[in-house]
Protein chains: 2
Amino acid sequence: MKLKAETRKSEIIQTAAKLFKEKGYSAVTMRDIAAEMGIKAASLYNHITSKQEILKEIIISLAETFTLGLQDIQKSDSSSIKKLQDIVRLHVSIASQNTYEMASLNNDWMHLEEKLKYYLELRLNYEAEFRNIIAQGVKNNEIVNGNVEVMLFSILSTLRSLYLWIPKKEELNVENLSEQLSQVLINGINNKIN
Amino acid sequence: MKLKAETRKSEIIQTAAKLFKEKGYSAVTMRDIAAEMGIKAASLYNHITSKQEILKEIIISLAETFTLGLQDIQKSDSSSIKKLQDIVRLHVSIASQNTYEMASLNNDWMHLEEKLKYYLELRLNYEAEFRNIIAQGVKNNEIVNGNVEVMLFSILSTLRSLYLWIPKKEELNVENLSEQLSQVLINGINNKIN
DNA sequence: TAAAAAAACTAACAACTGTTAGTTTGCTTG
DNA sequence: CAAGCAAACTAACAGTTGTTAGTTTTTTTA
C-alpha cells in the first residue's frame, strides 16, 4: 500500500537525519543508515531512489515550513516587535520538533544538487522578508535606528543555532523559551539603571 | 630547509581549509586539495602525514587561540559589560582573519579523532568561563536578572556564526563591527521610548 | 489458504578513497 | 659544476562508496 510505503520511507529519512546531525551528510553511508535500522543497504532502495533524495526531502520540506510560517507572520498587522516575537516562536517551535533535520538544513544544504538553486531562492527570500520586518520597525521607531544587517544577522544566527541547544534543555516549554529568547534578543541583557 | 617545508605545509592547510568551508571535511578528497594547488595527491604526503592531521591543525590551533584570548579578558579587572565587549571584539577579530578555519571549527570538530577529547575540553572550558562572566554581571546588577543560559547561548551563537557573514561585508572594520555588534547583543534592538 | 504485494536478502559492479613505494625533476649551495 | 635535498611525479594498493539485478522471505488481502 502507498500509506505503508510512505511510513517506511519516512522512517528511513528520520534515521538518516539523526545520523546526518552526528556526522554530516557526506560522512554517513547508506550502510550506516541501513545498520541503524537493522537492515542491509540494498533494502533501502525499495523505498527511496537515492541518498540524494533523502537529503532533499529533509532540507526542502523544512525550508518550506519556515517560509510558510514567516509568510503568515508577515501578513498579520501586528507591530514589528510583535512580528519578531512571532518569528522567535516560529523558530523555537520548528527547531524543537526537528532537531535532526535542522542540522542538515544548516550544514548540508550545499550537497543538494538539482534542488540547490531552489533552496537558495527560499533562503534568500526568507532573509529578505526578515530584513523588511526589521527595517519597517526602524521606520516606525519601534526598533532602534542602528545597522539593520547587524540586527538581522545577530537574531537569525541565534535562531538558526537553536537546534544545537534545545536538546540539552531537559524541560522544553516552547512558549517559555520563546519568551525568554525574545526578551534577550529584543531588549538585550544590559541592566540599564539610568 | 625546515622553514620552507613549514611554508608549503601551511599552504596545504590553508587550501584545505578553504575547501572544507565549501563542502565540509568529509566531502573534500586529498585529490581535491591537490588539484586546487596544481599538484597530485601523492605529493601532499611530502608535507603532511594524513588528511586527519590537516583537520587537527586547523581546529586545535584556532580553538587554542580563542582560549588564550578569553583568558586574557577574564584576568582583567574590567566590568562585566566591558568584558563582554572584549569578547565580541575577540571573536570579530579572530573570525575575520580565519573565515575558512572557522567553518571547520564549527562544523567538522566531530571528525577529529585522537584530538577530539582535547577539543571538547577546550570548548566546555570556554563556555564555562563565558558563563561565569555573565553570571558575575548578573550578581553586579550590570546584567539583567534573566536566564543566564539563554543569554550565553544567544550571544555565543551569534559570535560563532560570524564567519558566515563577515566575508559578505565589503569594508570590514573590526573595531566598527565589534562596536555595532556589542550594541545589539548587549542593549538589544528595542527602541524603548517609555 | 492462496495470491499478491511489500520488504527484506545476496552478490556484485565500477568508481572513488586515503595512502604508500619508488622514481624523477629542479633548485640551492659549497 | 657537482652534490644534496625539497618537492614533484607515476603506479598501485586495499578498502569503501552508492547503486543495481535478481531472488527469497514476510505480511497483507481476497
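Letters A, B, ... mirror the listed sequences (proteins, then strands); counts begin at 1.
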Would you compute the distance between atom [atom1] of [X] and atom [atom2] of [Y] and round it to the nearest 0.5 angstrom?
{"X": "A/N191", "Y": "B/I186", "atom1": "CG", "atom2": "CD1", "answer": "13.0 Å"}
{"X": "B/Q52", "Y": "B/L55", "atom1": "CD", "atom2": "CG", "answer": "6.0 Å"}
{"X": "B/K23", "Y": "B/D32", "atom1": "NZ", "atom2": "CG", "answer": "4.5 Å"}

> When you look at CD of B/Q14, are more than 12 heavy atoms from neighbouring residues, nucleotides or ligands closer to it than 6.0 Å?
Replying inline: no
> Take atom OH in A/Y100; do more than 12 heavy atoms of anything else shown fall under 6.0 Å from it?
Replying inline: no
Roughly, in whole Å, what's the span from [atom1] in [X] to [atom2] in [N]?
{"X": "A/R8", "N": "D/dT26", "atom1": "CZ", "atom2": "C1'", "value": "12 Å"}
{"X": "B/D32", "N": "C/dC16", "atom1": "CG", "atom2": "P", "value": "11 Å"}
{"X": "A/E53", "N": "D/dT19", "atom1": "CD", "atom2": "P", "value": "10 Å"}
{"X": "B/I39", "N": "D/dC9", "atom1": "CD1", "atom2": "C1'", "value": "10 Å"}
{"X": "A/H111", "N": "D/dG18", "atom1": "NE2", "atom2": "P", "value": "12 Å"}

> Under 30°, 30 to 60°, or over 60°: which ring-plane class applies to A/F66 and A/Y126, parallel, tilted or perpendicular?
Replying inline: perpendicular
>> With a cut-off of less than 4.0 Å, is there a side-chain N or O of A/S43 near OP1 or OP2 of C/dA7?
In response: no
>> Please determine whether a side-chain nitrogen or oxygen atom of A/H47 lies at a distance below 4.0 Å from atom OP1 or OP2 of C/dA8.
In response: yes
> Hey, is A/E53 close enough to A/K9 for a salt bridge, meaning N to O under 4.0 Å?
Replying inline: yes
>> Looking at B/K115 and B/E64, is there a salt bridge between them, counting it only when a charged N and a carboxylate O are closer than 4.0 Å?
In response: no
> For every nucleotide of nucleotides 18-26 of chain C, 5' to 3': is a protein heavy atom under 4.0 Å from its base (B), only from its sugar-phosphate (S), or from neither (-)?
Replying inline: BBBB-----
> Listed in order of residue number, which residues of residues 12-23 of chain A have a non-hydrogen atom at under 4.0 Å from DNA chain C?
Replying inline: none
